[in-house]
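Reviewing the structure listed below.
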There are 2 protein chains.
Amino acid sequence: MNTEDKILDAALKVFGSEGFTGATTRRIAEEANVAEVTIFRKFQSKENLLKEVLIRNRAEISELDVLFRIDNDTDIETDLCDLGRRISRDLRSKKQDGKHRMFMFMLFEEGRRRPEVAEILTSVFQMYISRLSEYFQLQIQNGKLRNINPRSAALAFLSYFVHTSLLKGVVDDSFMGDIDEEVERFTDIFTHGILKTMDNKVG
Amino acid sequence: MNTEDKILDAALKVFGSEGFTGATTRRIAEEANVAEVTIFRKFQSKENLLKEVLIRNRAEISELDVLFRIDNDTDIETDLCDLGRRISRDLRSKKQDGKHRMFMFMLFEEGRRRPEVAEILTSVFQMYISRLSEYFQLQIQNGKLRNINPRSAALAFLSYFVHTSLLKGVVDDSFMGDIDEEVERFTDIFTHGILKTMDNKVG
DNA sequence: TCCTTATGTAAGTGCATACTTACACCTATA
DNA sequence: TATAGGTGTAAGTATGCACTTACATAAGGA
C-alpha cells in the first residue's frame, strides 16, 4: 500500500473517531505509520487532507449502489430481507476497519459544520432513497404493494438501518441480538405491519 | 435567568453545534453574555462544565417520559400517530433553542468518545424503548397486534424519528415535507405494512 | 557513480486556547 | 456608610497543535 493511501485510510479512521477538530496530524501519522511531516508534504494541510478523504470515500461509496440492486423477481419480503442484511453487514463489517461506517459517522458529525460534507451526505442519501423508491413504485404498479408513498417507505426502511448503525457506535452491543434475526423481524414488521389483519382476526 | 443557567444553556448550544473539542470557552461566554472568566469561577474547567451540562439535561430529558405516555383506549394507529407527532415536535422544535435536539446531537457525537455520555444515551434510549415495548406487549395481549417482537417494533418505531431528526440537522429541509403528513405516512406503513393484504387482494 | 525522489529525524515558529491573577465596579444588606 | 459577594476588564501563562525548515538516508535510474 502506498504512502498516500496509508495516510488517507488513517485519516478517515481518526477523523471518524475523533472528529475533524479532535483529530491531530500526529495521531494520523502514527496510525498510518509515517512521519508527521510526510502528511504535509503530500497533502499541504489538515484541511486539504479532509478534502481528499471526502473525495476518495465519496467515490467509493457511490460505487456501492450495487448494494441496492434488487432482484425484483422473487418475493418482496425476501428481497428486502436480503437488502437489509447487505446494508447491515456493510455498515457494521470490520473489514477495512469498517470504512463505510467511519465515513458515515464523519458525514453525520462533520456535516453539521461543513456544507461540503452535508452535500455529500445529502447526495448519497438521496441516491439510496431514489433506488429504493423506484423499487417500491414498481411493485405498487405490479400490484404487489399497497398504494403507499414510495419515498416515505424508502425513508422508513433506510432509517432503521442507519439509526441502528449509528447507535451501535455508541451504546453497548448487547442492546441488539443477532443481526440476521433482527433484520428479519424488522422486515416482517415493515412488510406486514404490526396490526392484526382482517384474515388474522377472523382465522 | 441566573448566571449559572445562562452559561449552562449556552454551553449546551455550543457543545451541541461545535462538539466539545470544537467549542471554545470564549464562544460559550459570548453566547451566554458573560465574561469568559465567569465560566471558570462557576465551573472551574471546561471539562467540568460539560459534566454539569450532562447532569442537568439528563434530568430534564428523563422527565420527558411523559411524552411517551400513551392512551391505550383509543385506536392504535391514532395513538402512534399522536406519539410520533409529539416526538417529532419535541426533537425539532425551536423552543429553548431546540435544547432536546442539541442534547441528542451531543449524546450521539460525544458518546462515541466518552463513556459517561454513552451511558446517558444508552439509558435514555432504553427507557424509551421499554415504554414503547410495554405498550406493544399489552396490545398483543389485547389481541390487537400480531405476535411481533415488541422490542423490535419499538426499535423500528423510534429509529424513524431519531434518524430523521439527526438527518434534519445535516441535509437541507426540503427532503421532507410537512411533518404531520410524514408522520401519518410512516405510521400507516408501520401499522399496516407495505404489502397488499389478502383482503385487499381479494376485495 | 551521481542525481533524483521519497521518506525520516529534529528542531523550531506562531497561534489559539484553557485557565490564572489582579484589580475595579456595582449592588445589596448590615 | 461600610462590607461582602458577584461580575467585568485586562493582562498574562503554559500548552498543544498545525505547519515549516534543514538536514540525513536510502533506493532506483541515468
Side-chain angles (χ1 to χ4, degrees), chain A residues 1-57 102-103 105-106 109-117, chain B residues 1-57 102-103 105-106 109-117:
Chain A
M1 201 183 227
N2 71 35
T3 310
E4 273 94 342
D5 287 344
K6 279 198 296 182
I7 294 173
L8 286 168
D9 279 359
L12 172 60
K13 198 168 170 181
V14 179
F15 286 156
S17 66
E18 316 287 332
F20 179 77
T21 322
T24 69
T25 48
R26 186 179 313 176
R27 190 69 238 301
I28 296 171
E30 256 172 44
E31 190 69 39
N33 263 306
V34 299
E36 197 180 352
V37 74
T38 304
I39 293 177
F40 292 99
R41 281 200 273 246
K42 300 266 177 210
F43 298 96
Q44 293 79 50
S45 68
K46 188 184 168 189
E47 199 73 33
N48 193 54
L49 176 57
L50 172 66
K51 213 161 93 183
E52 297 296 330
V53 168
L54 291 173
I55 290 172
R56 207 172 84 139
N57 287 279
M102 278 300 169
F103 193 54
F105 283 154
M106 257 192 66
E109 179 166 336
E110 235 48 62
R112 286 181 16 243
R113 287 155 211 157
R114 299 168 177 272
E116 337 88 79
V117 182
Chain B
M1 200 184 227
N2 71 35
T3 310
E4 272 94 343
D5 287 344
K6 280 197 297 182
I7 293 173
L8 285 168
D9 280 358
L12 172 61
K13 199 169 170 180
V14 179
F15 286 154
S17 65
E18 316 286 332
F20 179 76
T21 323
T24 69
T25 49
R26 185 181 312 178
R27 191 69 237 301
I28 296 171
E30 257 173 43
E31 190 70 38
N33 263 306
V34 299
E36 197 180 351
V37 75
T38 304
I39 293 178
F40 292 99
R41 280 200 276 246
K42 299 265 177 208
F43 297 97
Q44 293 78 51
S45 68
K46 189 184 168 187
E47 199 73 33
N48 193 54
L49 176 58
L50 172 66
K51 211 161 95 184
E52 297 296 329
V53 168
L54 291 174
I55 291 172
R56 207 172 83 139
N57 286 279
M102 278 299 168
F103 193 54
F105 283 154
M106 258 192 64
E109 180 166 335
E110 236 49 62
R112 291 191 1 252
R113 286 155 211 155
R114 299 168 176 271
E116 338 87 81
V117 181

Rounded to whole angstroms, how far apart are [atom1] on [X] and [atom2] on [N]?
X: Lys6(A); N: dA6(C); atom1: NZ; atom2: C1'; value: 12 Å
X: Arg26(B); N: dG12(D); atom1: CZ; atom2: C1'; value: 14 Å
X: Phe40(A); N: dT7(C); atom1: CZ; atom2: C1'; value: 16 Å
X: Asp5(B); N: dG6(D); atom1: CG; atom2: C1'; value: 16 Å
X: Glu4(A); N: dT7(C); atom1: CD; atom2: C1'; value: 12 Å
X: Gln44(A); N: dT20(D); atom1: CD; atom2: P; value: 9 Å
X: Lys46(B); N: dT15(D); atom1: NZ; atom2: C1'; value: 14 Å
X: Asn2(B); N: dT27(C); atom1: CG; atom2: P; value: 19 Å

Per [X] side chain, nearest of listed nucleotides [options]:
X: Thr38(A); options: dA18(D), dT20(C), dT7(C); answer: dT7(C)
X: Val37(B); options: dT20(C), dT9(C), dC19(D); answer: dT20(C)
X: Ala35(A); options: dC19(C), dG8(C), dG8(D); answer: dG8(C)

Notebook entry, point to check: Where do Glu4(B) and Asn2(B) come nearest, in terms of heavy atoms and distance?
Noted result: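 For Glu4(B) and Asn2(B), the tightest heavy-atom pair comes out as N-OD1, 3.2 Å.
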
Identify the two heavy atoms, one from Ala29(B) and one from Ala35(B), that lie closest to each other, and give their separation to 0.1 Å.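 Closest approach of Ala29(B) to Ala35(B), heavy atoms only: CB-C, 4.1 Å.
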
- Message: Just so I know, are the side chains of Arg114(B) and Phe20(B) near enough to count as touching, which here means a heavy-atom distance under 4.5 Å?
- Response: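 Answer yes - side chains close enough.
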
At under 4.0 Å between heavy atoms, what does [X] touch on the DNA or RNA strands: base, sugar-phosphate, or nothing?
X: Ala29(B); answer: nothing
X: Asn33(A); answer: sugar-phosphate
X: Val34(A); answer: sugar-phosphate

Tell me whether the side-chain N/O atoms of [X] come closer than 4.0 Å to OP1 or OP2 in [N].
X: Thr24(A); N: dG16(D); value: no
X: Thr3(B); N: dT7(D); value: yes
X: Lys42(B); N: dT7(D); value: yes
X: Thr25(B); N: dA18(C); value: yes

One thing to verify: whether Glu109(B) and Arg113(A) come together as a salt bridge, which I'm taking to mean a side-chain N less than 4.0 angstrom from a carboxylate O.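 Answer for the salt bridge query: yes.
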
State whether Arg27(A) and Glu31(A) are salt-bridged, where the test is any N-O pair (Lys NZ or Arg NE/NH1/NH2 against Asp/Glu carboxylate O) under 4.0 Å.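 Salt bridge between Arg27(A) and Glu31(A), a charged N being under 4.0 Å from a carboxylate O: yes.
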
### Whichever of Phe20(A) and Glu36(B) has its nearest DNA chain D nucleotide further upstream toward 5'
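First, find each residue's nearest nucleotide; the 5'-ward one identifies Glu36(B).
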
- Kindly indicate whether the side chain of Arg41(A) and the base of dG8(C) share any N or O donor-acceptor pair separated by less than 3.5 Å?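 By the distance-only test, yes, there is a pair.
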
